Amino acid sequence: MKISYKWLKEYIDIKITPEELEQRLTFAGIEVETIETLGEELKSIKVAKIIEKESHPNAEKLSICTVFDGEKNLQVVCGASNCAKGQCIAFAPVGSIVGNFKIKKAKLRGVQSFGMICSEKELGLSENHDGIMVLREGAEIGVNLSEYLDYQDTIFDVEITPNRPDLLGIIGVARDLSALLGLELKLPETSLPISSINISESLQLKNENSEKCPRYIARLIKDVKVEESPEWLKKRILSVGLRPINNIVDITNFVMMEYGHPLHAFDYSKLEERQIIVRNAKKDEAITALDNQKYQLIEDDLVIADSTKPIALAGIIGCQNSQITNETVDIVIEAANFLYSSVRKTSGRLKISTDSCYRFERGMSDINAKNVSDRACSLIIEIAGGSLANGTLDSFENIKEPVQVSLRPDKVRSFLSIDINDAKIIEYLENLGLKLIEQSSQKISFTIPHYRNDLTREIDLIEEIIRLHGYNNVASKLKTQNIMNKELFQLRRSVQDFLINEGFYGTVNWPFADPESLNKLKISENDLRRNFISIKNPIGKSFSVMQTTLLPNLFKNALYNINHNQKDLKLFELTKIFKKSDNISKREDFTVSGLITGKFLEIYWNSNQQEVDFFDLKGIIEDLFDYLKIEKFTMVKSKENFYQLQLGVDVLINKKIVGSFGKVDPKIAENFEIERPIYTFELNLSEINKINCFKKHTFIEIPKFPPVLRDLSILVSKDYSFEQLENCIYSTNPKVIRKIVLFDEFTGKMIDKGFKSLSFNIMFGSDTKTLTDDYIKKLFDKIVKNLKQKYNIRLR
Amino acid sequence: METRLQFLIDQARKEITEITSLNELQSRKSHYIGKKSPFTELMKQLKELPKEERPEFGKKINIAKNQLQLMITEKESSLKQLAYETSLSDNIVDITMPGRRRNKGALNPINKVWREIEDVFISMGFDVAEGYDIEDEFHNFDALNTPQDHPARDLSDTFYIDNNILLRTQTSTVQIRVMENHQPPIKIIAPGRCYRNDNDASHSPAFHQVEALVVDEGISFADLKDVLNLFVKRLFGQNIESRIRPHFFPFTEPSAEIDIVCLKCLGKGCNLCKGQGWIELGGAGMVDPNVFDKLGIDSEKYSGYAFGMGIDRVAMLKYKIPDMRMLFENDIRFLKQFK
Ligand SMILES: [Zn+2]
C-alpha cells in the first residue's frame with residue numbers, strides 16, 4: 001500500500017524525517033518496501049518574473065526576455081506566443097535539467113540565452129504545450145517550482161500484514177504512529193448540514209442477507225455537480241497511485257484511502273423503484289462491471305440491487321448501469337461491511353482484484369462504515385455541492401459489545417524480559433485505542449477498539465507492547481563463551497574423516513621417542529627435530545624424549561602387523577609432536593602422519609591387484625588438500641634424507657614447508673626392520689591451520705556454451721617435466737584453455753631412447769560464445785607450435 | 001496395373017514378415033514409404049488409366065500404402081520387444097557375488113570414543129578446550145589445591161622435564177588455564193592425553209582423559225547430577241543409569257565418584273563389576289571456592305562443577321575390551337573391528 005508522507009502529516013504532526021520514519025515504520029511491523037521521492041525533478045526549476053520583453057532582431061517568432069530569478073536579471077530567448085512582460089513563469093536556469101535535457105548557455109539566431117522558460121509539457125506536468133506555463137500573479141520569486149506547486153512528497157510503499165486490516169488506510173497508519181511516537185492523532189472533522197428532504201421518502205433499503213452483510217448504510221445527496229476534482233484532491237489521489245476520474249468517485253477513493261474502508265456511489269436516477277436491496281444473486285444473473293467485463297453470477301454471490309437488476313457486486317465492484325457520469329445529479333453513497341469470506345469467495349472465483357475487495361477480504365469494521373459515510377458525505381457537499389437528505393438508511397440492528405481482554409503485568413515483564421512498569425503498559429495500549437476498564441497489580445483489563453479485531457488474547461497485547469517498546473530495546477541475556485578453537489578442531493576431524501574414507505586405520509601410540517630413531521631416519525644433525533624435550537625420569541631409554549615426528553611409531557606399528565602376517569597396510573596417527581620452546585603455546589603441534597604398504601586396494605574379484613606406488617600416495621595428498629579446501633600449495637623435491645632418490649616431495653603453502661610425502665628409501669626402512677616398499681606422509685596441521693589458506697566456496701556461473709575437447713599426443717625428451725609442458729599449453733591461452741588431463745604416458749621399446757610419449761586431453765571453453773572449429777584449430781596449432789619451439793616435441 | 005499393385009503388396013508383406021532385425025526393417029521402411037517408393041511410381045503411372053478409373057485406383061494405392069505402414073509399425077514394436085527381452089536375459093548376473101567396494105578404514109577405539117564424547121557434550125552446548133601436555137607444577141598441582149608434599153608430586157608418579165615443568169598428570173590443568181583467561185560463563189570439556197610414571201598390565205604411561213567444567217551464576221549440585229545422567233545415557237544408552245557417591249578430590253567440595261550400571265550384567269552382578277552391579281566411571285564435584293579465589297573468580301557470585309573420566313577406560317567398557325594394552329598395539333585385525 002502506498003502512503004504519502006504529506007498526507008500522513010494531516011493527521012499526525014510528525015517531526016521526524018522520511019528516512020527516520022521509514023525506520024520507525026519498519027520496526028513497528030509496517031515494513032517499508034520502497035521509498036519514492038516526488039517533486040525532485042522540479043527542484044532545479046525556479047519561479048521567476050519576466051520584467052522586460054523585446055522582439056528578436058533576426059526572428060519574428062522569437063522574443064528576448066529579461067527574467068528576474070530572485071537574485072539577478074538574465075537574458076532569455078523565448079519562442080512562445082503567450083509570454084508577456086510581468087508574468088510569473090517557470091524558469092529553467094543554466095545547469096538545470098528539464099525532461100532529459102540539461103539546459104546550457106545557447107545562442108539563438110545570434111542572441112545569447114541563459115536558460116529556458118518552460119511549458120507544462122516540458123516539465124512533465126501535463127500534456128499542455130500551448131505556450132509557457134504562467135504562474136499565479138504575485139508568486140514568490142526565486143522559490144523552486146516543486147515548492148511552489150507543493151509537489152514535494154515522499155511515498156512509502158508498505159507491506160501490511162494480513163492480521164492488520166486497520167492499517168489499510170492512512171489514518172490507521174497514523175494511529176499506530178501516534179502510539180509509537182507519542183503524538184496526538186487528529187481525525188478529520190465532518191459537517192453534515194440539514195436539508196429539506198428526508199431520505200426515507202426518497203429511498204428504500206432492504207437487507208436480505210445480514211449474515212453476509214452485517215451493516216449497510218445508504219445516504220442520498222441531491223443536486224451535486226459532477227466535475228473534475230480540485231487540484232489538492234487530484235494530487236492526493238495520484239500520490240497513492242490511483243487515477244482521478246471525477247469529484248464523486250475521487251472522494252469515495254480518497255475516503256477509502258484515508259480510513260481504509262471502501263465505499264461506493266450510485267447514480268440515484270438509475271435505481272429502479274428507488275430501491276436498494278442487498279441480496280444473493282439469482283441463478284443466471286449476469287452483470288457488466290465498471291471494468292467493462294461481463295460476469296456470470298451464481299446464487300452464492302452477494303449483490304446490491306434495485307428492484308429489477310444488480311447494481312454492484314457487493315464489496316467488489318460496481319456495475320456500469322448505475323455508475324456516476326457527468327450527467328449524474330443525485331447520488332446514493334454506500335458504506336457497508338461485507339463478510340470477508342463471502343467477498344473472497346466471489347472475487348476469487350471471478351478473478352477480480354480491486355482496492356475494495358482487497359480490503360473487505362481482510363475484514364472491515366461495522367463501526368467504521370458509519371465514519372466513512374459521514375466523511376464522504378461531508379466532503380461531497382463541500383466539493384461537489386448538493387444537499388444531503390436528512391437521515392440514513394442503516395441496516396445495523398445490534399451494536400456488538402466491545403471485546404474485553406486482560407493481561408497480567410508480571411507475565412508481560414517475564415515473557416519479554418523487559419523492565420516496564422504498569423503505567424507504561426497502560427500508556428502503550430491506550431495509545432493504540434484500547435480503553436482501560438479495570439486495574440489491579442495482578443491484572444489489567446481493556447476493551448478493544450472496533451478496528452482491532454486481531455487483539456483477542458493476552459499474548460496479542462504483549463505483542464503490541466513489545467512492538468511499541470521496540471524489539472531493539474530488549475537487552476540480550478545470552479552469556480557466551482568463545483573458548484573453542486573451532487577451525488583447528490574441525491581441521492583435525494576433517495583429516496580423520498578423509499583418511500578413514502580412504503581406507504586408513506587410526507593408531508594411538510605413546511608420544512615418547514627414542515633419540516636413536518632420528519639417526520635411523522638420517523635426519524641431519526642440525527635439524528630442529530633433534531631439539532628434543534627430554535624426560536628426566538623416563539620409563540626407559542627408548543622412551544626418553546617427547547616425539548618430534550610420528551614416523552618411528554608408525555614404522556613400529558607397520559612392523560608389528562607385518563610380523564603378524566598383515567602386509568597390506570594403510571595406517572595413520574593424528575596427534576601432537578613436541579618441540580623445545582620457552583613459549584608454552586609453541587611447544588605442541590598437531591600433526592598427521594600416514595603409512596602405506598602392500599596392495600593399494602583390497603582383494604576384489606576382477607580388479608587388478610596393484611602394489612601401492614608414488615602416484616597413489618600423491619593422489620591421496622592432493623585429494624586430502626581438496627577435501628580440506630587448500631588450493632594454493634606447491635610440491636617440490638624433498639630435502640628429507642629418508643625418501644628414496646627422486647621419490648620424495650615437500651609440500652609448501654605460502655612458501656612454508658608444512659610437510660612431505662614419498663617413498664621411504666629401502667635402506668631406511670631396513671633400519672626399522674621393514675623389508676618391503678613403504679610410503680609415508682607427514683603434515684603439520686597446526687601450521688596449516690595458522691596459515692589459514694582455506695578456500696571459501698563461491699558460486700561460479702555454470703558455462704552456457706559447451707566445451708570442446710581435443711586430444712594431443714606428443715613425443716618429448718624425458719628431461720622435460722609434465723608440469724613444464726602443462727604450463728606451456730596453458731599459457732598459450734589461459735582464458736580459453738580450461739582443463740588439461742594427462743591420460744596416457746609411456747616409454748619403452750616403441751619409443752626412442754631418452755624420450756617419452758604423453759597424451760593430453762585439452763578442454764577449451766568460453767563464457768561468451770560457442771568456439772568454432774576454425775578457432776579451435778588455430779589455437780591447437782599455436783599450442784603445438786609453442787611446444788615445438790620450447791620443448792622440441794614431435795606429434796605422434 | 002492392378003496386378004502390379006497386387007504383386008507389390010504381396011512382395012512387401014512377404015519381405016517384412018521375414019525381417020529379423022531393426023536395422024533391416026529401417027532400410028525396407030525407407031524403400032516402401034520413402035519418396036522413391038514403388039507406390040509413388042505407381043501413382044505417377046495413374047495418368048495412363050482412363051480418367052474415370054483414376055480416383056478409384058488412386059484410392060487403392062493409398063489404402064495399400066497405409067496397410068503397409070501399419071504392418072511396418074507393428075513389426076517394429078514386436079522387434080523392439082524382442083530386443084528388450086533378449087537384453088534382459090543377456091544381462092543376468094549372479095547377484096550374490098560381492099559388490100565393488102572401496103574399503104574404508106576406522107579410528108582406534110580411543111579416538112572413536114573420544115569423538116563420541118566430544119559430540120555428546122557439544123550437543124549439550126559445551127565448547128571443546130585445548131590444553132597443553134607439557135605443563136608446570138602450578139597448573140598441575142598448586143592451582144588444583146594439591147599440597148607441596150603430596151605423594152602425587154613424586155618422581156615415581158610424575159614425569160618431569162625440568163624442576164617445575166612436567167607432563168600433566170590430569171586434564172584438570174585445562175580448567176585452570178580456561179579460568180585464568182575467561183570469566184564465567186564457562187562450559188567446556190577438555191579431552192586430552194595425560195601421563196603417569198607407571199607401566200604395567202593395567203597402567204599405561206600415556207593415557208587419555210576428558211574433563212568437564214561448568215562455571216556460572218546459580219550452578220548447583222543438581223546441575224552436576226543432571227548433566228552426568230544425561231551424558232551417561234547419551235554415550236552408553238538410555239537404559240544406563242548413573243549415581244554419585246562421596247569421595248575426596250583436592251579441588252572439589254563436595255567431591256564424588258561416578259558409577260554407572262554395569263554394562264555387562266546391567267546391574268545383576270557379574271565378574272566385571274565384582275558382583276556389585278555398578279562400575280566406576282570417574283570423579284566429580286563442585287569446584288572448591290579456594291580454586292576460584294586463586295584464579296580471581298568471585299566465589300560468592302559464581303559456582304561450578306567439574307567431572308572427569310578416562311577415555312581409554314570408557315572405550316574398554318563400551319566395547320568390552322579385556323586388556324588395556326590392546327589399545328596401543330594397533331594390530332590391524334583389532335582396529336578393523338571398530339569400523
Ligand atoms: Zn556386572
Side-chain angles (χ1 to χ4, degrees), chain A residues 478-486 488-489 493 496-497 499-512 533-540 543 546 553-554 556-558 560-561 564-566 568-576 578 584-585 587-588 590 601-607, chain B residues 97-98 100-112 115 118 122 126-130 132-136 155-156 158-163 165-167 178 181-182 184-188 193 195 197-199 204-206 208 216-217 312 327-333 335-336 338-339:
Chain A
L478 181 68
K479 293 187 278 180
T480 52
Q481 57 176 0
N482 190 13
I483 294 170
M484 190 163 177
N485 183 341
K486 290 199 177 65
L488 185 56
F489 179 87
R493 286 209 161 185
Q496 285 178 337
D497 291 341
L499 290 172
I500 292 169
N501 247 320
E502 285 292 320
F504 282 78
Y505 288 90
T507 66
V508 174
N509 292 290
W510 296 344
F512 309 126
I533 293 173
S534 313
I535 300 165
K536 275 174 136 184
N537 51 336
I539 54 170
F543 307 101
M546 300 305 287
N553 274 335
L554 279 180
K556 198 180 74 190
N557 298 148
Y560 177 94
N561 280 294
H564 287 82
N565 215 18
Q566 299 287 319
D568 302 324
L569 299 171
K570 285 183 191 164
L571 302 174
F572 82 96
E573 184 169 15
L574 193 170
T575 187
K576 285 174 177 176
F578 302 85
I584 188 166
S585 67
R587 272 184 213 146
E588 306 175 10
F590 281 101
L601 297 172
E602 287 186 25
I603 293 176
Y604 161 70
W605 47 270
N606 72 351
S607 70
Chain B
M97 274 160 64
R100 279 184 203 100
R101 298 180 61 173
R102 297 279 313 226
N103 287 283
K104 308 298 177 200
L107 289 174
N108 181 293
I110 292 174
N111 287 121
K112 189 174 162 69
R115 278 181 65 151
E118 282 176 347
I122 288 170
F126 283 72
D127 263 17
V128 178
E130 305 285 351
Y132 303 112
D133 289 26
I134 299 169
E135 267 291 1
D136 51 36
L155 277 177
S156 59
T158 304
F159 290 116
Y160 277 87
I161 303 292
D162 225 327
N163 280 337
I165 306 294
L166 44 76
L167 298 182
V178 167
N181 294 313
H182 300 272
I186 292 168
K187 192 172 182 185
I188 56 134
R193 188 173 261 154
Y195 305 82
N197 198 338
D198 231 346
N199 186 19
S204 165
H208 306 89
D216 202 349
E217 288 176 65
D312 311 343
L327 293 172
F328 298 96
E329 269 169 6
N330 302 303
D331 188 320
I332 201 127
R333 294 163 298 179
L335 296 175
K336 278 184 178 174
F338 302 98
K339 266 196 183 178

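As the structure is a computational prediction, the values presented were derived from the model and not from experiment. Throughout, protein chains are lettered first and strands after them, A, B, ... in sequence-line order, and every chain is numbered starting at 1.
- Note: Gln496(A) leads Glu573(A), Lys556(A), Lys570(A), Gln496(A) in heavy-atom pairs under 4.5 Å with chain B.
- The contact between Ile332(B) and chain A is made by backbone and side chain atoms together, counting heavy-atom distances below 4.5 Å.
- Of the residues considered (Leu569(A), Leu488(A), Asn557(A), Leu499(A)), Asn557(A) shows the highest number of contacts with chain B, using heavy-atom pairs under 4.5 Å.
- Residues Phe489(A) and Ile122(B) have side chains in contact (heavy-atom distance under 4.5 Å, counting atoms from C-beta outward).
- Taking Asn485(A) as the reference, nothing meets the side chain to side chain donor-acceptor pair (under 3.5 Å) condition, with sequence neighbours excluded.
- With chain A as the partner, the residue from Ile188(B), Ile134(B), Asn199(B) showing the most heavy-atom pairs under 4.5 Å is Ile134(B).
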| request: Run the numbers on Lys536(A) and Asn163(B) for side chain to side chain contact (heavy atoms under 4.5 Å, CB included), then give the verdict. | output: CA-CA 9 Å; Lys536(A) 275 174 136 184; Asn163(B) 280 337; 3.3 Å; yes

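- The six-membered or imidazole ring of Phe512(A) lies near that of Phe159(B), with a centre-to-centre distance under 6.0 Å.
- Of the atoms belonging to Lys187(B), heavy atoms from both backbone and side chain fall under 4.5 Å from chain A.
- For a residue to count as touching a neighbouring chain, one of its non-hydrogen atoms must lie under 4.5 Å from one of that chain's; by this rule Asp312(B) does not touch chain A.
- Closest heavy-atom contact between Ala129(B) and Ile483(A): CB-CG2, 3.8 Å.
- Once rounded to the nearest 0.5 Å, the distance linking CZ of Arg493(A) with CD of Glu118(B) reads 4.5 Å.
- Neither the backbone nor the side chain of Asp136(B) comes within contact range of chain A; no heavy atoms are under 4.5 Å apart.
- For chain B, the nearby parts of Thr507(A) are the backbone and the side chain; heavy atoms of each come within less than 4.5 Å.
- With sequence neighbours excluded, no residue forms a side chain to side chain donor-acceptor pair (under 3.5 Å) with Asn561(A).
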| field | Step-by-step side chain to side chain contact (heavy atoms under 4.5 Å, CB included) determination, Leu107(B) to Phe572(A) | value | CA-CA 9 Å; Leu107(B) 289 174; Phe572(A) 82 96; 3.8 Å; yes

| request: Test side chain to side chain contact (heavy atoms under 4.5 Å, CB included) on Ile539(A) and Asn197(B) and set out the steps. | output: CA-CA 7 Å; Ile539(A) 54 170; Asn197(B) 198 338; 3.5 Å; yes

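- Interface remark: of the candidates Ile584(A), Asn509(A), Thr575(A), Ile584(A) forms the most heavy-atom pairs closer than 4.5 Å to chain B.
- With respect to chain B, the highest number of heavy-atom pairs below 4.5 Å among Pro511(A), Ser534(A), Ser585(A) belongs to Pro511(A).
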| message | Is there a side chain to side chain contact (heavy atoms under 4.5 Å, CB included) between Asn330(B) and Leu571(A)? Walk through the geometry before answering. | response | CA-CA 9 Å; Asn330(B) 302 303; Leu571(A) 302 174; 6.0 Å; no

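- Your options are Glu588(A), Gln566(A), Lys486(A), Glu502(A), and the one with the most heavy-atom pairs under 4.5 Å with chain B is Glu588(A).
- The most heavy-atom pairs under 4.5 Å with chain A, out of Asn111(B), Val128(B), Leu166(B), come from Val128(B).
- Heavy atoms of Leu327(B) lying under 4.5 Å from chain A belong exclusively to its backbone.
- With chain A as partner, the option from Lys104(B), Arg102(B), His182(B), Arg115(B) having the largest number of non-hydrogen pairs under 4.5 angstrom is Arg115(B).
- In this structure the side chain of Val508(A) reaches within 4.5 angstrom of the side chain of His208(B), judged on heavy atoms.
- In this structure, chain B has heavy atoms under 4.5 Å from both the backbone and the side chain of Tyr505(A).
- Contact of Phe338(B) with chain A is not made at all, since no heavy-atom distance falls under 4.5 Å.
- Contacts of Asn565(A) with chain B are absent, with no heavy-atom separation under 4.5 Å from either backbone or side chain.
- Annotation: the span from Met546(A) atom CE to Ile161(B) atom CD1 amounts to 6.0 Å, rounded to 0.5 Å.
- In this structure the side chain of Glu217(B) reaches within 4.5 angstrom of the side chain of Lys479(A), judged on heavy atoms.
- Comparing Leu574(A), Asn537(A), Ile533(A) by how many heavy-atom pairs each has under 4.5 Å with chain B, the most go to Asn537(A).
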